[in-house]
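Reading through the structure tokens given below for one structure.
Whatever order the structure lists them in is the order used to number ligands and atoms, beginning at 1. Start at 1 with the first residue, then count along the sequence.
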Amino acid sequence: MTHENDIKKAGAGAMSSFPDAGAFPPGFLFGAATSAYQIEGSTAADGRGPSWWDRFAHTPGAISDGSTGDTACDHFKRWPEDLAWMQRLGLRAYRFSVAWPRVMPAGRGAINTAGLDFYDRLVDGLLERGITPYGTLYHWDLPLPLADAGGWQARDTAQAFADYAAAVVQRLGDRVARWATLNEPRCAAWVGHLEGRHAPGLQSLPATLAAAHHLLLAHGLALQALRAQAPKASVGIVLDVKPYTAAAPGAEHEAAVRRADGVFNRWFLDPLFRGVYPADIAAEHAASMPPVHARDMALIAQPMDHLGINCYTRGHVLHDPARRHPHAAEQHVPGAHYSTMAWEDWPDGLTQMLVRIHREYAPKALYVAENGAAEPDKVDADGRIRDTARTRYLSGHLAACAQAIAAGVPLDAYLVWSLMDNFEWGRGYTQRFGLLHVDFETQQRRAKDSALAYRDFIAAHAAAQATARA
Ligand code: FCB
């Protein structure tokens, strides 16, 4: 079956549940996101060095299906085809990450020009198709030599990151206007250093807090480097945020909500926008904190141009003293829909987080840098993938964005995670988040019904804009 045939089969009837496209202002960008290690493969091509994710994925038992990112979606070779898919879907924005080990295989020092050439070609291809590139400088693939020198627990890694960021922006900054320094420092610190499910696979609170602080420092130093290199660029960070609700009435459960929110959300939002760690959680963590130097917090809290949020689900919790701090046990919501990640589809949470961040932290602009759902997709005999749960998830979360805009939130883009099925970190290839289905044996891509519904919604937005202009 050709791609053209594939793409013409519209997701019949799915449009009805999408919000009115006119609720999104002109210039609002709809797109999709990916990250380097999850899609590129070709981990030794053109001088790329190893990252700690290469080592972690090759560690027996680390990845649930025993897989690695060695091939992933083979995007390093198939990028022209992937650009063609983005164009067919009418995407107006594409968020990708630059792999640090392609650009600086040793982590610092010599630049590998061939590594930068890849992103150069990708960016030109996006611009030729009218797709706005959103560059992310770190999506978790730390060069192995830096990992061996202490990783994010070493304060020096922050300066190495700023130098690498400057090198990337020197090459691409004339064409890429929107940059995020880091993707999800919370996940990088907590899941990698406390839960041990991501590289480097540690389980230590001091390591977690040191990594988190040095990631924030890396963001601050990179922000300075980017401002010097590309004064006109719009620069920010991408945070994972999660609304918490109490699963039962009672002051102890409300207190658990506040603690969980403190660890997940405020631990990053407060330093970045107020220059302080939240006092309640800082008191809890005092004995495990790394040294914080006098000027660190001012560096971390420099003004940004925008904030990207990754928001997927909520934490519905009960106070549970038997668990480690924040003593919160996640509960299932009866009757709710859960993805294969066991994440609840709860669009209200996205509206709540957007409105709250706007009111309490007032970033100049906000965008949804990731949102999407993993579902048990299957290719039917007729070649279609009838992923109605994903279409429902996306339309519900787009409606949640429209509500936030109506409430005054300066939201300017929405990016689906993910353009295509890919390597979902510790869960390998078991979780399919894509708008495009990927057959990992043949590397064939197919548009799922949700992709076609999203395409039609984006087209409706373009049509509403054209009508408004006429
Ligand atoms: C986010 C990550 C992204 C992807 C999604 C499902 O935490 O940024 O790479 O794994 O979750």
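- A salt bridge links Asp240 to Arg186: one of the charged nitrogens lies within less than 4.0 Å of a carboxylate oxygen.
- Which parts of ligand 1 touch Trp425 is read off a 4.0 Å heavy-atom cut-off, strictly below it: atoms 3 (C), 4 (C), 9 (O), 10 (O).
- Under the ring-ring contact (aromatic ring centres under 6.0 Å, His included) rule, His198 has a single partner from Trp152, Tyr37, Trp190, Trp53, which is Trp53.
- Of all protein heavy atoms, the one closest to atom 11 (O) of ligand 1 is Glu370 OE1, 3.6 Å.
- Although no hydrogens or angles enter the test, the distance criterion places no donor-acceptor pair under 3.5 Å between the side chain of Asp320 and the main chain of Ala328.
- Annotation for ligand 1: atoms under 4.0 Å from non-hydrogen atoms of His139 are 2 (C), 3 (C), 8 (O), 9 (O).
- The protein heavy-atom contact nearest to atom 5 (C) of ligand 1 is Tyr312 OH, 3.3 Å.
- Distance alone, capped at 3.5 Å, is enough to place a donor-acceptor pair between the His214 side chain and the Ala210 backbone.
- Checked against the 6.0 Å centroid threshold, Tyr312 and Trp417 do not count as a close aromatic pair.
- Close approach of ligand 1 to Phe433 is summarised as follows: ligand atoms under 4.0 Å from at least one heavy atom of the residue are 6 (C).
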Check your understanding: What's the verdict on ring pair (Phe, Tyr, Trp, His ring centres under 6.0 Å) for His397 and Tyr393, showing C-alpha distance, side-chain angles and the deciding distance?
Key -> CA-CA 6 Å; His397 284 79; Tyr393 182 99; 3.9 Å; yes
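- Of all atoms in ligand 1, numbered sequentially from 1 with element shown, those under 4.0 Å from a heavy atom of Asn183 are 8 (O).
- With ligand atoms numbered from 1 in the order given, ligand 1 contributes 4 (C), 6 (C), 10 (O) to contacts under 4.0 Å with heavy atoms of Glu424.
- For atom 7 (O) of ligand 1, the closest non-hydrogen atom on the protein side is Glu184 OE1, 2.6 Å.
- A ring-centre distance under 6.0 Å is not found for Tyr338 and Trp343.
- Put simply, no part of Asp240 is less than 4.0 Å from ligand 1, judged by heavy atoms.
- Atom numbering of ligand 1 starts at 1 in the shown order; those under 4.0 Å from a heavy atom of Gln38 are 3 (C), 4 (C), 9 (O), 10 (O).
- Geometrically, ligand 1 and Trp343 share no nitrogen or oxygen pair separated by less than 3.5 Å.
- Within the 4.0 Å heavy-atom cutoff, Met341 does not count among the residues contacting ligand 1.
- Judged by distance alone, with hydrogens and angles left aside, the side-chain atoms of Arg266 form a donor-acceptor pair with the main-chain N or O of Arg258 at under 3.5 Å.
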